[in-house]
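Scroll down for the structure; my scribbles are underneath it.
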Amino acid sequence: MKVKEEVLKVIDALKSAGFTPVDAVFEGAVGVKEDTTLAFMDKLNDNNLVSGVVRVIYSSGDEQVRFVEIPVGQPQGQAEEPQ
């Protein structure tokens, strides 16, 4: 069974049982170094469908690994500011 199908079945089962599903989110890591993946992240961000950080991992030259975090979207539960 595909992930999409399983998630939709679980949501339907919760609805049938009288619950109100609010959201389904992915928690994990997706490599976003490629342009096409970054463009997809932009699309999600533009539609307020993503919340988290992009972690750029790099080496400092002496074999120590470092990273920079770039926030993406709005943290869960935070309302948009009025414009």
Side-chain angles (χ1 to χ4, degrees):
M1 179 182 307
K2 298 280 187 184
V3 173
K4 177 182 175 180
E5 184 180 348
E6 184 174 355
V7 169
L8 293 176
K9 284 185 177 192
V10 169
I11 289 171
D12 288 341
L14 288 167
K15 287 179 184 176
S16 295
F19 296 100
T20 304
V22 176
D23 203 352
V25 298
F26 167 75
E27 294 183 21
V30 175
V32 293
K33 189 175 177 184
E34 295 182 19
D35 289 346
T36 55
T37 310
L38 285 170
F40 180 67
M41 291 296 293
D42 278 337
K43 182 178 178 179
L44 292 175
N45 190 36
D46 290 345
N47 291 296
N48 294 321
L49 296 174
V50 66
S51 175
V53 297
V54 171
R55 184 173 290 135
V56 179
I57 303 166
Y58 66 98
S59 169
S60 64
D62 54 358
E63 297 187 22
Q64 291 187 350
V65 176
R66 304 275 193 246
F67 62 87
V68 174
E69 289 185 341
I70 302 167
V72 179
Q74 295 181 347
Q76 293 271 336
Q78 183 178 359
E80 286 187 34
E81 293 183 26
Q83 299 199 13

Atom CZ in Phe40, atom CG in Leu49: separation rounded to 0.5 Å?
8.5 Å
If a pair satisfies salt bridge (charged side-chain N to carboxylate O under 4.0 Å, His left out) and one of its residues is in residues 8-21, list it, with sequence neighbours excluded.
Glu5-Lys9
Check the surroundings of atom CG in Asp35: do more than 12 heavy atoms from other residues, nucleotides or ligands lie under 6.0 Å from it?
no
Shortest non-hydrogen contact from Tyr58 to Val68?
CE2-CG2, 3.8 Å
Should Val56 and Phe67 be regarded as members of a common hydrophobic cluster, given that ILVMFWY residues are connected when their side-chain heavy atoms come within less than 4.5 Å of each other, either directly or indirectly?
no
ILVMFWY clustering at 4.5 Å (side-chain atoms), partners of Val10
Leu14, Phe19
Closest approach of Val53 and Pro71, non-hydrogen atoms and distance?
CG1-CA, 4.1 Å
Mind checking the CD1-OG spacing from Ile11 to Ser16? Nearest 0.5 Å is all I need.
12.0 Å
Distance check, rounded to the nearest 0.5 Å: Met1 atom CE versus Leu8 atom CG?
10.5 Å
Calculate, to the nearest 0.5 Å, the distance between atoms NZ and CG belonging to Lys43 and Asn45 respectively.
13.5 Å
Between Leu38 and Lys33 the two heavy atoms that sit nearest each other are CD1-O, 4.2 Å
For Val50 and Val72 the tightest heavy-atom approach is CG1-CG1, 3.4 Å
